[in-house]
Each structure stands twice: as structure tokens, then as C-alpha cells.
**Q** 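Pasting in a structure now, in C-alpha cells, and then I'll have a few things to ask.
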There are 2 protein chains.
Amino acid sequence: MQLSRKADYALRAVAYISQLKKGDLASIGRIAKARGIPREFLAKILKELTRAGVLVSFQGVTGGYRLSRLPKEITFLDVIEVMEGPVRINLCVDDRHCACTNEKSCEIRPFFVKQQEQIIRAFKRQNFGAFAHNKISKLA
Amino acid sequence: MQLSRKADYALRAVAYISQLKKGDLASIGRIAKARGIPREFLAKILKELTRAGVLVSFQGVTGGYRLSRLPKEITFLDVIEVMEGPVRINLCVDDRHCACTNEKSCEIRPFFVKQQEQIIRAFKRQNFGAFAHNKISKLA
DNA sequence: TCTTAATAGATTATAAAAATCTATATTTTA
DNA sequence: TAAAATATAGATTTTTATAATCTATTAAGA
């Protein structure tokens, strides 16, 4: 019932990158140090976010990462789903794993279906616009 | 980000027991068979629920389990917390693990604090009254 | 051509979840 | 009173997921 550390790190990294001035890049090392994330683990995370189209990367000495689009156009759900796959709050919500579809009235599933919708809606509502460089002060 | 199978089994078992007629008991074997839960695992679960005061148990040939109080007085949260401990939707919500308390404005924590409150409220609202023996038909 | 970046993907380590096992205690009933 | 069916206690094992690291390569600027 807990977000993975990987997804938490990813959210923090994207929040960090959201605070860059237009055109600036942040390197893995810089973000890792600023946010206390294990460097190699973060490398893996940013790699995945790049492949998924959330970030854009540049190699070479002056390389680093920036967002692929405006901060407000990237949601928590976007980032979390790249890290963890589709949100599933209980196994039975997924049809393939529901042991109760045959039963006339499952006691449990409808409740979790509803809760899952709730949390997905919240993850979708929350975007990185609030963190953009003009909203929050200095980067560590 | 997913409820443990253990907690899911526990909810199903308590829902099952909620459907018993007043005074009736259900044995581990019966519940396990009816709901497709591994028998020994369920034994462990019901043991814990009994110790936590959610269920009452009786040993011996005619033994089994019943609720310790009315179905509507047992919430999903009660059962889930016995299985998983306090609900924590992200590590950083817990003060002891928050790496960002020192930072002026953490980007992530307040959001999850709010979501956690939401889900806890929903777990507290949902009780087993809806499953009581007169509300839903026959037990498998 | 050296340095500092990202990329790819395999590998290892750690921890949590899921399940099982062994032995014991309790109660009913034959 | 013995046998059968139940719960209890708690350790152990198995499996899976998470977290982290490692090795080698590619790319670009100084």
C-alpha cells in the first residue's frame, strides 16, 4: 500500500527539473546530490523517463536533462506510471486477477474500483506547474 | 502502491464471517475453501485478527470464528491496519523518513499527506454492515 | 584526444510478501 | 477416556519485488 521509492525519487527529480530556467539542463550528478538520491539508481530512473517521453536528454560534457513539455503538462500519474506501470490499488481490481467475477455479489471489488478511480484522478490532477522556476525560489 | 494479498484475504474472510447468522461460527477450513484462500495462510491471518480483537475464536470440534462486535462497527481500516500496520501511502509522509522537512518547501510531501488522509477516511467509512447476513443472500 | 556527460542492460543485494511447517492446546463426542 | 476436529504459537522456507550497483559503450564539448 505504499508508493515505491523509485517512483518517489522520480517525482522529486522531475520536480527539480521543473524548476530549471528555460533552456537549462540538470545532470544526474547534480540532481542526485541535491535531492539525496543514489546516483546510479537515479541514472536508471531518468533513462526510463526519457525513453517514455517525459524528459529529453543531451549527452556530452554539457549534457543533462530537461522536461519534454511544460511542467503543467506533466502529471504525477505520468511519472508514477512510467515507474510502476498502471496504478492498481488491489490485485482484484484487475479483471485477470479477480477471483470474484463469477460470484453474484463480490464484497470487496467495487469498493477498490472506486478508490482506485479516486487516486488516479488525484494523480492526474497534480502536475508540475506548481514547481516551475518562477513559482518556487532557489534550487539547492 | 498495492494492498497486500494478506490484507485482501483478511477483508474477504471478515466479510464472510459477517454473513453468518447470529451465534454461528465459521472454521478456517470452511472459509478457506469458500473463498479460495490458502488454508495455512488464512490460519495465520485469523489468528492475528483474533489477537487484535476483531474476531473471537473458539477451539475444539465445534470451534471457529465470529466477529467481536457488530459488522457495522468493524471498518476496512480496522482490518487493513491489523494486517499491514498504519497506512502509509508514501514513505515521506512519516516524519521519521521525511528527507525534506528541513527544506523550505518540499514539493512532494504535502500532496501525499492529503491523499493519505483521503484514503484513510475512505477505509474508515467502509464497514462490514453492508455484508451482514440479512443484506446479502447465501453463503458459499 | 581527454573529460564529462548519458545509454544500455545485466547483475547483485536486500527486503517484503506469501506460504508452509511443526508442534501444542482445547473441546466435543463416540 | 480416546479419537477427531478445531484453534494457537511461532519458526521456517519460498518466492517475488524492490533497491541498488556494475560494466561497458556512446556522444559531445573543451
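What you are looking at is a predicted structure, and each value in this text was computed from that prediction instead of being measured. Letters go in sequence order (proteins before strands), and every chain restarts at 1.
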**Q** Would you list the pairs meeting salt bridge (Lys or Arg N to Asp or Glu O under 4.0 Å) in which at least one residue belongs to residues 71-83 of chain A, sequence neighbours left out?
**A**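 Counting only pairs at least two positions apart or across chains, the salt bridge (Lys or Arg N to Asp or Glu O under 4.0 Å) contacts touching residues 71-83 of chain A are R69(A)-D78(A).
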**Q** Between M1(A) and G29(A), which residue's closest nucleotide on DNA chain C lies nearer the 5′ terminus?
**A**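 The answer here is G29(A).
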**Q** Between G60(A) and Y9(A), which residue's closest nucleotide on DNA chain D lies nearer the 5′ terminus?
**A** Y9(A)
**Q** Just how far, in rounded Å, is P of dT26(C) from CD of Q59(B)?
**A** 6 Å
**Q** I'd like to know if the side chain of S68(A) reaches the main chain of G53(A), judged simply by a donor and an acceptor atom lying under 3.5 Å from each other, with no hydrogens or angles considered.
**A**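 Yes, S68(A) side chain to G53(A) backbone: donor-acceptor pair under 3.5 Å.
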**Q** Taking atom types as they are modelled, is there a donor-acceptor pair under 3.5 Å from the base of dA6(C) to the side chain of K47(A)?
**A**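 Absent.
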**Q** To the closest 0.5 Å, what do you measure between CZ (F131(A)) and CD1 (I74(A))?
**A**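 It comes to 12.0 Å.
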**Q** Please name the pair of heavy atoms, one in F123(A) and one in T75(A), separated by the smallest distance, quoted to 0.1 Å.
**A**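 Minimum heavy-atom contact is O-CB, 3.7 Å.
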**Q** Please enumerate all residues that pass side-chain contact (heavy atoms from CB on, under 4.5 Å) together with Q115(A), with sequence neighbours excluded.
**A**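 side-chain contact (heavy atoms from CB on, under 4.5 Å) check on Q115(A) returns I89(A), F111(A), Q118(A), I119(B), A122(B).
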**Q** How would you label the contact of K44(A) with the nucleic acid (heavy atoms, under 4.0 Å): base, sugar-phosphate, or nothing?
**A** base
**Q** Under 4.5 Å side-chain heavy-atom separation, chaining through any Ile, Leu, Val, Met, Phe, Trp or Tyr, what else clusters with F58(B)? Say none if it is isolated.
**A** L25(B), V56(B)
**Q** Please identify each residue that fulfils side-chain contact (heavy atoms from CB on, under 4.5 Å) with K21(B), with sequence neighbours left out.
**A**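 For K21(B), the residues satisfying side-chain contact (heavy atoms from CB on, under 4.5 Å) (neighbours in sequence not counted) are D24(B), H133(B).
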**Q** Please list, by residue number, the residues of residues 74-87 of chain B whose heavy atoms come closer than 4.0 Å to an atom of DNA chain D; answer none if no residue qualifies.
**A**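 Going residue by residue through residues 74-87 of chain B, none turns out to have a heavy atom under 4.0 Å of DNA chain D.
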**Q** Taking CD from E40(A) and P from dT7(C), how many angstroms apart are they, rounded to a whole number?
**A** 13 Å
**Q** According to salt bridge (Lys or Arg N to Asp or Glu O under 4.0 Å), does anything in residues 113-127 of chain B pair up with another residue at least two apart or in another chain? List the pairs.
**A** none
**Q** Roughly how many Å is it from CZ in R30(A) to P in dT4(C), rounded to a whole number?
**A**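 Atom CZ in R30(A) sits about 17 Å away from atom P in dT4(C).
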**Q** Between L91(A) (CG) and dA16(C) (C1'), how many Å, whole number?
**A** 16 Å
**Q** Under the side-chain contact (heavy atoms from CB on, under 4.5 Å) test, which residues partner A32(A), sequence neighbours left out?
**A**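 Residues passing side-chain contact (heavy atoms from CB on, under 4.5 Å) with A32(A): R39(A), L42(A).
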**Q** Just jot down the side-chain contact (heavy atoms from CB on, under 4.5 Å) partners of S57(A), sequence neighbours excluded, or say none.
**A** T50(A), Y65(A)
**Q** To the nearest Å, give me how far apart NZ (K6(A)) and P (dA15(C)) are.
**A** 19 Å
**Q** Distance check needed: dA18(C) C1' versus I37(B) CD1, whole Å only.
**A**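 After rounding, the reported distance stands at 13 Å.
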**Q** If the condition is salt bridge (Lys or Arg N to Asp or Glu O under 4.0 Å), which residues does K6(A) pass it with, not counting sequence neighbours?
**A**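 K6(A) satisfies salt bridge (Lys or Arg N to Asp or Glu O under 4.0 Å) with E48(A) only.
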**Q** Residues two or more places apart in sequence or in another chain: which of them pass salt bridge (Lys or Arg N to Asp or Glu O under 4.0 Å) with E84(A)?
**A**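 Not a single residue meets the salt bridge (Lys or Arg N to Asp or Glu O under 4.0 Å) criterion with E84(A).
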**Q** Separation of I28(B) atom CD1 from dT26(C) atom P, in whole Å?
**A** 16 Å
**Q** 5' to 3' on DNA chain D, which nucleotides open and close the contacts with chain B (atom under 4.0 Å from a heavy atom)?
**A**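 Span of nucleotides near chain B: dA4(D) to dG10(D).
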**Q** Give the residues of residues 61-71 of chain B touching DNA chain C, defined as any heavy atom closer than 4.0 Å, sorted by residue number.
**A** V61(B), T62(B)
**Q** Please report, rounded to the nearest Å, how far the P atom of dT7(C) is from the CG atom of L42(A).
**A** 12 Å
